[in-house]
Every structure is written in structure tokens, then in C-alpha cells.
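A quick write-up on the structure given underneath.
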Amino acid sequence: QVQLVESGGDSVQSGGSLTLSCTVSGFSLDYYAIAWFRQAPGKEREALLCISKQYGDEDYADSVKGRFTIARDSGQNTVYLQMNDLKPDDTADYYCARIAANSCPLRISTLFSWRDYWGQGTRVTVSS
């Protein structure tokens with residue numbers, strides 16, 4: 001049974017940092033890419049970053065470049081989203097998703113098409 005479980009969401013002050021975790025089961029990170037998304041209140045879900053074993057990572061959102069990074073630990077079956085210099089606009093529910101491929105697509109539309117399982121999400125709130 002495929003499962004993805006996010007954790008690490010919290011309330012922080014602007015300028016702070018958080019690390020989110022996406023722990024997976026039922027499949028191997030060696031064969032599937034994992035992507036992070038977020039959805040702010042009243043907005044559409046936004047693709048952030050993706051990582052795969054064979055081809056590294058891709059980023060999709062200019063708003064988080066230079067502040068957010070993605071990493072994976074196959075031994076722990078976990079993908080991490082490191083978020084630095086958080087801003088109030090980063091307030092959202094954060095989701096990880098399995099991508100039905102061993103690489104991260106270049107196009108955001110393809111990323112959404114290829115995701116086959118979602119986690120339940122974890123909430124991040126950034127106050128000014």
C-alpha cells in the first residue's frame with residue numbers, strides 16, 4: 001500500500017526556518033521521484049520542487065528559489081523540504097506527492113499529470 005506522510009509543519013515568525021519531512025512506504029525512492037507542492041488559502045496548488053535518485057532535482061517556483069531546497073534519504077524513506085527565510089506569503093498547506101516516473105519533468109503541467117499519490121498535508125503558518 002502506497003503511503004506518503006508529511007510532518008514538520010508549524011507556526012513560525014517571518015525569517016525563520018522549518019524542515020518538512022515526507023516519509024513514504026509501499027515503494028522505493030530509488031525508482032520514483034517525489035515532489036513538494038503547497039496550497040495557500042483561496043489559491044491553487046503550486047508546484048515547488050521535485051527530486052529523483054537518478055537525475056537530481058528540479059525547481060518550479062521562482063518565489064522560493066534560493067530559500068527552499070529538497071533532499072532525499074533512501075535509507076530513511078524520506079524526502080525533506082528545507083525552508084529558510086520564511087515569509088508570510090509562505091503560509092500554506094504543504095503536500096508531497098509521488099511522481100509516476102524516475103525523473104522530474106521540466107514542465108509543471110507534466111508534473112501534475114504524473115503525480116499519482118498525495119500525502120495528507122502539513123500546515124505552515126508564518127507570521128510577520
Side-chain angles (χ1 to χ4, degrees):
Q1 182 181 2
V2 172
Q3 285 190 315
L4 298 92
V5 179
E6 301 94 336
S7 61
D10 205 346
S11 296
V12 297
Q13 296 276 345
S14 182
S17 297
L18 278 177
T19 301
L20 304 183
S21 300
C22 172
T23 302
V24 309
S25 59
F27 67 97
S28 171
L29 291 178
D30 290 348
Y31 303 112
Y32 291 90
I34 298 292
W36 281 98
F37 299 77
R38 68 182 179 186
Q39 188 163 18
K43 295 188 176 181
E44 294 187 350
R45 196 162 293 193
E46 176 185 21
L48 300 176
L49 298 105
C50 175
I51 192 166
S52 67
K53 178 181 180 181
Q54 287 83 358
Y55 303 103
D57 58 273
E58 292 288 341
D59 56 358
Y60 304 97
D62 289 341
S63 59
V64 305
K65 281 184 180 178
R67 300 189 298 122
F68 290 14
T69 57
I70 191 170
R72 54 187 292 281
D73 184 337
S74 290
Q76 297 294 321
N77 294 322
T78 300
V79 172
Y80 302 97
L81 182 67
Q82 176 65 44
M83 306 186 296
N84 298 325
D85 189 23
L86 283 161
K87 307 176 186 301
D89 283 349
D90 295 318
T91 295
D93 292 324
Y94 285 73
Y95 300 87
C96 61
R98 192 179 81 164
I99 306 304
N102 66 352
S103 63
C104 297
L106 296 178
R107 298 178 66 173
I108 293 175
S109 57
T110 306
L111 185 74
F112 276 94
S113 296
W114 286 4
R115 60 108 188 102
D116 57 0
Y117 289 92
W118 290 106
Q120 84 291 346
T122 188
R123 180 156 293 178
V124 173
T125 303
V126 185
S127 57
S128 56

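Note: Phe27 and Tyr32 have perpendicular aromatic rings, judged against thresholds of 30 and 60 degrees for the angle between ring planes.
Checked against side chain to side chain contact (heavy atoms under 4.5 Å, CB included), Asn77 has the following partners two or more places apart in sequence or in another chain: Val24. When the side chain to side chain contact (heavy atoms under 4.5 Å, CB included) test is applied to Tyr55, the partners found at least two apart in sequence or on another chain are Ser52, Asn102, Ser103. For Phe37, the ring pair (Phe, Tyr, Trp, His ring centres under 6.0 Å) partners are Phe112, Trp118, not counting sequence neighbours.
No side-chain N or O of Thr91 forms a donor-acceptor pair with one of Thr125 less than 3.5 Å apart.
In the hydrophobic clustering of ILVMFWY residues, with side-chain heavy atoms under 4.5 Å counting as a link, Val5 and Tyr80 come out apart. A chain of hydrophobic side-chain contacts below 4.5 Å, direct or via other Ile, Leu, Val, Met, Phe, Trp or Tyr residues, connects Val2 to Leu29. By the rule that hydrophobic residues join a cluster once side-chain heavy atoms approach within less than 4.5 Å of another member, Leu48 and Ile51 end up as members of one cluster. Placement of Tyr94 and Tyr117 within a single hydrophobic cluster is found when ILVMFWY residues are connected by side-chain heavy-atom separations under 4.5 Å, directly or transitively. There is no path of hydrophobic side-chain contacts, each under 4.5 Å, that joins Tyr95 to Phe68.
Contact annotation: the side chain of Val64 approaches that of Arg38 to within less than 4.5 Å [non-hydrogen atoms, C-beta and beyond]. The side-chain heavy atoms of Ser21 and Gln76, taken from C-beta on, include no pair separated by under 4.5 Å.
Here the side chain of Gln120 pairs a donor or acceptor atom with the backbone of Glu6 at under 3.5 angstrom. Looking at Arg67, its side chain does come within 3.5 Å of a backbone N or O of Asp85 through a donor-acceptor pair.
How far CH2 of Trp36 is from CE of Met83: 8.0 Å, rounded to the nearest 0.5 Å. A distance of 10.5 Å separates CG in Leu106 from CG in Leu111, rounded to the nearest 0.5 Å. Note that the CZ atom of Arg98 and the CG atom of Leu4 stand 8.0 Å from one another [nearest 0.5 Å]. For the atom pair CG (Leu49) and OG1 (Thr69), the distance works out to 7.5 Å, reported to the nearest 0.5 Å. Rounding to the nearest 0.5 Å gives a distance of 6.5 Å between CD1 of Ile34 and SG of Cys96. Atom CG of Asp93 sits about 4.0 Å away from atom CZ of Arg123, to the nearest 0.5 Å.
Of all the heavy atoms in Pro105 and Thr110, the pair that sits closest is CB-CG2, 3.6 Å. The minimum heavy-atom distance linking Cys50 with Ile99 is given by the pair SG-CG1, 4.4 Å. Between Glu58 and Cys104, the closest heavy-atom pair is CG-CB, 3.7 Å. Heavy atoms only, all atoms of each residue included: Ile108 and Ala47 are closest at CG2-CB, 4.1 Å.
Applying the salt bridge (Lys or Arg N to Asp or Glu O under 4.0 Å) test to every pair with at least one member in residues 100-112, sequence neighbours left out, gives no pairs at all. Applying the salt bridge (Lys or Arg N to Asp or Glu O under 4.0 Å) test to every pair with at least one member in residues 14-25, sequence neighbours left out, gives no pairs at all.
We find that Arg72 and Asp57 are not joined by a salt bridge, their nearest charged nitrogen and carboxylate oxygen being 4.0 Å or further apart. We find that Lys87 and Asp90 are not joined by a salt bridge, their nearest charged nitrogen and carboxylate oxygen being 4.0 Å or further apart.
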Show me the donor-acceptor pairs within less than 3.5 Å that the side chains of residues 11-20 make with the rest of the protein, sequence neighbours left out.
{"from": "Ser14", "atom 1": "OG", "to": "Leu86", "atom 2": "O", "distance (Å)": "3.4"}
{"from": "Ser17", "atom 1": "OG", "to": "Asn84", "atom 2": "OD1", "distance (Å)": "3.1"}
{"from": "Thr19", "atom 1": "OG1", "to": "Gln82", "atom 2": "OE1", "distance (Å)": "2.4"}

